[in-house]
Protein chains: 2
Amino acid sequence: MDKGQKEVTIYDIAEKLHISAATVSRGLTNHPRVSKSTRKSILKAAEEMGYRSNSIASNLRSKKSNVIGVIVPRLNSSFMSDLIAGVEKVVNNNNYSLFISQSLETMQKEVTNARAMLNNRVDGLLVSLAYDTTNIEHFEPFLKRNIPVIFVDRVFEHASCPQIFIDNTKAAYEITNHLIAEGCKNIIHLTASLLRNVYADRLSGYKKALEESGLQFRESNVIIGDLSSQAGIDAAAQILKMEKLPDAVFAANDICAVSCMIELQKHGIRIPEDIAFAGFNNDPTACVVQPNLTTVNYKGYEMGEVAAQLLINHLIDKSDLQQTHSLILRSELIIRESSLRSKKS
Amino acid sequence: MDKGQKEVTIYDIAEKLHISAATVSRGLTNHPRVSKSTRKSILKAAEEMGYRSNSIASNLRSKKSNVIGVIVPRLNSSFMSDLIAGVEKVVNNNNYSLFISQSLETMQKEVTNARAMLNNRVDGLLVSLAYDTTNIEHFEPFLKRNIPVIFVDRVFEHASCPQIFIDNTKAAYEITNHLIAEGCKNIIHLTASLLRNVYADRLSGYKKALEESGLQFRESNVIIGDLSSQAGIDAAAQILKMEKLPDAVFAANDICAVSCMIELQKHGIRIPEDIAFAGFNNDPTACVVQPNLTTVNYKGYEMGEVAAQLLINHLIDKSDLQQTHSLILRSELIIRESSLRSKKS
DNA sequence: CTGTTAGCGCCTTCAT
DNA sequence: ATGAAGGCGCTAACAG
C-alpha cells in the first residue's frame with residue numbers, strides 16, 4: 001500500500017513561490033508577521049498543489065498534539081455516549097481531536113489504554129474509571145509530564161487531578177427518603193462495584209436515609225452485580241425467592257431498574273402497589289417503561305461539555321487546574337409513577 | 001505548562017548502556033536481529049528510566065500512524081454507540097488507536113472532520129454519512145493517498161470505497177408486508193433525509209410492498225423529519241389531525257416509533273387495535289415500551305466489528321479491499337405485540 | 001516582514 | 001548483532 005505520489009510539503013510550496021519554507025509555515029498558520037499578499041499566494045499555491053498539513057510533523061516539532069484522550073468504561077451506554085458526545089462537541093469546536101478508548105470495566109485494559117494515550121502524546125486526558133480499578137498509578141506518568149488528567153463521574157481522589165461529578169450521596173439520600181415517605185420500609189438496593197465513588201456514595205446515601213428514619217439497614221438488602229439488563233433480571237429472580245417481598249427497589253441505574261421491574265411484572269408483581277421502583281440516570285427508557293420510572297436526572301452530555309471545557313481552557317490559557325479541584329454538578333430527583341404508592345393504595 | 005523534566009529518549013537509554021540508539025530502537029520494537037541479552041537490558045533500562053516511546057516521532061519516520069479514524073453522524077445514539085463500541089474493540093485488540101468525531105448530521109462538519117483526520121494522517125477511515133451530505137469529494141484526498149475509506153450503514157456508491165450495510169429495502173419490504181398481512185391498508189411511513197441509502201431504501205421497500213399488494217402509495221403518507229424523539233411527537237400530532245386515521249405506522253427507527261406511539265396513546269389511540277406500529281433497529285426501548293415494538297433487528301456492534309476488521313486486515317496484510325466492494329450483513333424481522341392486530345380485533 | 005539553521009525522536013538503510 | 005548517518009515535515013530560534 002504505497003501512498004501514491006509523494007506528499008506535497010511546505011518545501012514544495014516554498015520552491016514554487018521562490019520563498020523560504022519558514023515563510024510558508026508562517027503563512028499557513030496565520031502567523032501575524034507575514035504580508036497579506038504572500039499569505040494569499042501561499043494559500044493559493046497550497047490549495048492548487050493539494051497540500052495537506054502534516055500534523056504529525058507539526059506535533060513532533062511543537063511538542064503539542066492538539067489531541068485529547070478519553071478513557072471510559074464502555075462506549076455503548078446511554079450515559080457514557082452522551083458524555084462523549086458532549087466532550088466531542090467542545091473538543092471539536094476548539095480544533096482539538098479526540099482519542100477514545102474503552103476499558104470494558106477492567107483495570108487491565110484501562111492501563112493498556114492509558115499507555116497508548118501517553119505514547120500518542122495526548123495533551124490531556126479525561127477518565128471515567130473501570131469497575132475494578134484499585135489504584136491510579138497508570139496515570140502517574142501523565143502527571144509527571146504535567147499532562148492534565150481529569151476524572152469524570154467515576155472519580156478518584158488525587159491531589160493533582162480535578163474531579164467532575166454529582167453529589168451521589170445526596171441524590172441517593174433524597175430518592176431513598178422519597179421511597180420512605182411513600183411508605184416503603186423494606187427497600188432493596190441494586191448496585192455495582194463499591195470501589196467506585198458513584199456506587200459507594202449512592203449506597204451511603206441510601207444507608208443514611210434508612211438510619212435517619214429509624215429503619216434498619218440490612219446487608220442482605222444490597223445486591224451487588226454489574227447493573228446490566230441481565231443483572232436486573234437476576235435480581236428479580238432473587239427478590240421473588242425472598243421470604244418476605246420487599247416493598248421497594250432502588251437501583252443505581254435505570255437500565256437495571258427497568259429490566260428488574262419488567263421481570264417482576266411478568267411474575268404478577270404490581271408496580272408500584274406491591275413494589276415501588278426508583279432508578280438513577282434518567283435514561284431514555286425511564287419514561288418509556290410502564291409505569292414511568294422515578295429516577296435522578298443527571299445527563300452525561302453536560303458533564304462531558306464541562307469536563308472538556310475545563311481541560312481545554314487549561315490547555316489554551318494555562319488557567320489553573322488545581323484551583324478547581326472538584327466540580328460538583330447539579331442533579332435532580334424526578335418523581336414518576338413507579339414510586340407513587342401513597343395515592344394508589 | 002512546561003512538561004517538567006526532559007523526556008527520556010532512546011538516546012538516553014543508548015548512552016546509559018553504551019550502545020547505539022539504533023540498537024535500542026531495535027530492541028524496543030522486537031526486531032529479530034538483536035541479542036536476547038541486549039534486548040533484556042534495554043527493556044530493563046527503559047523501564048527504570050521511565051522511557052515512553054514517542055509514537056509521534058515514530059509515525060513521522062515510518063509514515064504510519066496506527067490510528068483509525070471514525071466519522072459518524074452522532075455519538076449518542078444507541079445504534080451509533082454500539083457500532084463504535086464494536087469498532088473500538090477490534091481496533092484496540094489490534095494495537096491501533098481510534099480517532100472519533102461526529103458530523104452532527106451536517107455535511108459541513110463532516111468535511112471539517114475529514115480534514116482533521118487527514119491532517120492527523122489516519123491509516124484508514126470508517127464513515128457513516130450525515131443526513132445532508134450530497135457528495136463525497138471530501139474523501140477524495142484520502143483515496144488519492146491510498147488511505148482506505150470504508151462506508152458503514154449510511155453508505156455512498158464509489159468504486160474505491162467498500163460499503164457495509166444491510167438490505168434495507170428487503171427489511172422494509174418484509175415489515176410492510178407483515179403490517180399488510182395484519183390487515184393494515186393505510187400505512188404511514190416516518191423517515192428522514194432520502195439522500196441516505198438507509199432511508200431511501202426503506203422507503204422503496206415500503207413502496208414495493210404496497211404496490212405488490214395492490215395498495216395505493218400516497219406521497220402524503222410519508223412524513224420526513226429527523227427521526228428524533230421530537231419528530232415522533234410531531235408526527236403523532238400530524239396523524240391526529242388527519243381526516244381518516246391511518247391503521248399503521250412504520251417508522252424508520254425505533255426512537256421515533258416509540259415516542260410517536262406513546263404520544264398517540266396519550267390521546268386515547270389503542271396500539272395495535274387502532275393503529276399498528278413498527279420501527280427499525282431493535283433499540284433497547286423496543287422491548288420496554290407497551291406494547292413491545294415490532295422492528296428489524298440490526299445491531300450496530302457487529303457491523304462495527306466487521307468494518308473495523310475489514311479495514312485492519314487490509315492495513316496489516318494488504319488484503320484486497322476492492323474485492324469486497326459491498327458487504328451486506330444480515331438483519332431480521334422481529335414481530336412483537338405492537339403490530340399484532342389480527343388476533344385482537 | 002523574511003531567510004537560515006537546527007533539531008523534535010525515531011527508524012532505516014548501509015556498513016561493519 | 002551492532003553502529004553511523006541521514007531524514008520524515010515542520011517550526012522555533014536567531015538574524016537581518
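Chain letters run A, B, ... following the sequence lines, proteins first, then strands; residues in each count from 1.
For A:Tyr301, there are no side chain to side chain donor-acceptor pair (under 3.5 Å) partners, not counting sequence neighbours. Applying the salt bridge (charged side-chain N to carboxylate O under 4.0 Å, His left out) rule to A:Lys299 yields no partners; only residues at least two apart in sequence or on another chain are considered. Every residue two or more places apart in sequence or in another chain was checked for a ring pair (Phe, Tyr, Trp, His ring centres under 6.0 Å) with A:Phe165, and none qualifies. By the salt bridge (charged side-chain N to carboxylate O under 4.0 Å, His left out) test, A:Lys109 pairs with no residue at all, sequence neighbours left out. Under the side chain to side chain donor-acceptor pair (under 3.5 Å) criterion, A:Ser193 pairs with no residue, sequence neighbours left out.
The interatomic distance linking A:Asn59 (CG) with D:dC8 (P) rounds to 18 Å, in whole Å. Remark: C1' of C:dC11 and CD1 of B:Ile10 are 8 Å apart, rounded to the nearest angstrom. Spacing between atom NE2 of B:His31 and atom C1' of D:dA1 amounts to 9 Å, rounded to whole angstrom units. Distance B:Ile19 CD1 to D:dA4 P: 11 Å, rounded to the nearest Å. A:Tyr11 places its OH atom 10 Å from the P atom of D:dG9, with the value rounded to the nearest Å. Rounded to a whole Å, the CG atom of B:Asn54 is 9 Å from the P atom of C:dC11. Residue A:Arg121 contributes atom CZ, which lies 7 Å from atom P of C:dC10 at whole-angstrom precision. Taking atom CD1 of B:Ile13 as the reference point, atom P of D:dT2 lies 15 Å away to the nearest angstrom.
In terms of phosphate contacts, B:Lys63 brings a side-chain nitrogen or oxygen within less than 4.0 Å of OP1 or OP2 of D:dG9. Between A:Ser20 and C:dT2, a side-chain N or O to OP1/OP2 separation shorter than 4.0 Å is absent.
Residue-level contact check: A:Ser25 touches the bases, meaning some heavy atom is under 4.0 Å from a base atom. Within 4.0 Å of B:Ile56, counting heavy atoms only, lies no atom of the nucleic acid at all. Residue B:His18 is in sugar-phosphate contact alone, with no base atom involved, counting any heavy-atom pair closer than 4.0 Å across all strands shown.
At least one side-chain heavy atom of B:Leu43 sits under 4.5 Å from a side-chain heavy atom of B:Arg39. Residues A:Asn120 and A:Val67 are not in side-chain contact: their nearest non-hydrogen atoms beyond the backbone lie 4.5 Å or more apart.
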Pairs: protein N or O with nucleotides 13-16 of chain C N or O, under 3.5 Å:
| residue | atom | partner | partner atom | Å |
| --- | --- | --- | --- | --- |
| C:dT13 | O4 | B:Arg26 | NH2 | 3.3 |

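For the ring pair (Phe, Tyr, Trp, His ring centres under 6.0 Å) condition, the pairs that include at least one residue of residues 82-129 of chain B, sequence neighbours left out, are A:Phe99-B:Phe99.
Nearest to the side-chain atoms of B:Arg61 among the listed nucleotides D:dA4, C:dG7, C:dT12 stands C:dT12. The side chain of A:Ser35 has C:dC1 as its nearest neighbour among C:dC1, C:dC11, D:dA12. Considering only side-chain atoms of A:Thr23, the nucleotide from C:dT2, C:dG9, D:dT2 that sits closest is C:dT2.
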Side-chain donor-acceptor contacts of residues 48-57 of chain B below 3.5 Å, not counting sequence neighbours, with atom names and distances?
| residue | atom | partner | partner atom | Å |
| --- | --- | --- | --- | --- |
| B:Glu48 | OE1 | B:Lys16 | NZ | 3.3 |
| B:Glu48 | OE2 | B:Lys44 | NZ | 3.3 |
| B:Asn54 | OD1 | B:Ile56 | N | 2.9 |
| B:Asn54 | OD1 | B:Ala57 | N | 3.2 |
| B:Ser55 | OG | A:Asn119 | O | 3.1 |

Return all side-chain donor-acceptor pairs below 3.5 angstrom for residues 151-158 of chain A, not counting sequence neighbours, or 'none' if the list is empty.
| residue | atom | partner | partner atom | Å |
| --- | --- | --- | --- | --- |
| A:Asp153 | OD1 | A:Tyr298 | OH | 2.1 |
| A:Asp153 | OD2 | A:Tyr298 | OH | 3.0 |
| A:Arg154 | NH1 | A:Glu105 | OE1 | 2.9 |
| A:Arg154 | NH1 | A:Leu129 | O | 2.9 |
| A:Arg154 | NH2 | A:Glu105 | OE2 | 3.0 |
| A:Glu157 | OE1 | A:Gln163 | NE2 | 2.9 |
| A:Glu157 | OE2 | A:His325 | NE2 | 3.2 |
| A:His158 | ND1 | A:Ser160 | N | 3.0 |
| A:His158 | NE2 | A:Glu140 | OE2 | 3.0 |

Which pairs would a plain distance check flag for residues 21-32 of chain B, meaning a side-chain donor or acceptor within less than 3.5 Å of a matching protein atom at least two apart in sequence or in another chain?
| residue | atom | partner | partner atom | Å |
| --- | --- | --- | --- | --- |
| B:Thr23 | OG1 | B:Ser20 | OG | 3.2 |
| B:Thr29 | OG1 | B:Ser25 | O | 2.9 |
| B:Thr29 | OG1 | B:Arg26 | O | 3.3 |

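Shortest non-hydrogen contact noted between A:Asn92 and B:Ser101 is ND2-CB, 4.1 Å.
Taking every heavy atom of residues 37-52 of chain A and every atom of DNA chain C, pairs under 4.0 Å involve A:Thr38, by number.
Overall, the helix from C:dC1-D:dG16 to C:dT16-D:dA1 carries an axis bend of 30° between its ends, with five pairs at each end and the value rounded to 10°.
Sequence order on DNA chain C of the closest nucleotides to A:Ser62 and A:Val34 puts A:Val34 first from the 5' end.
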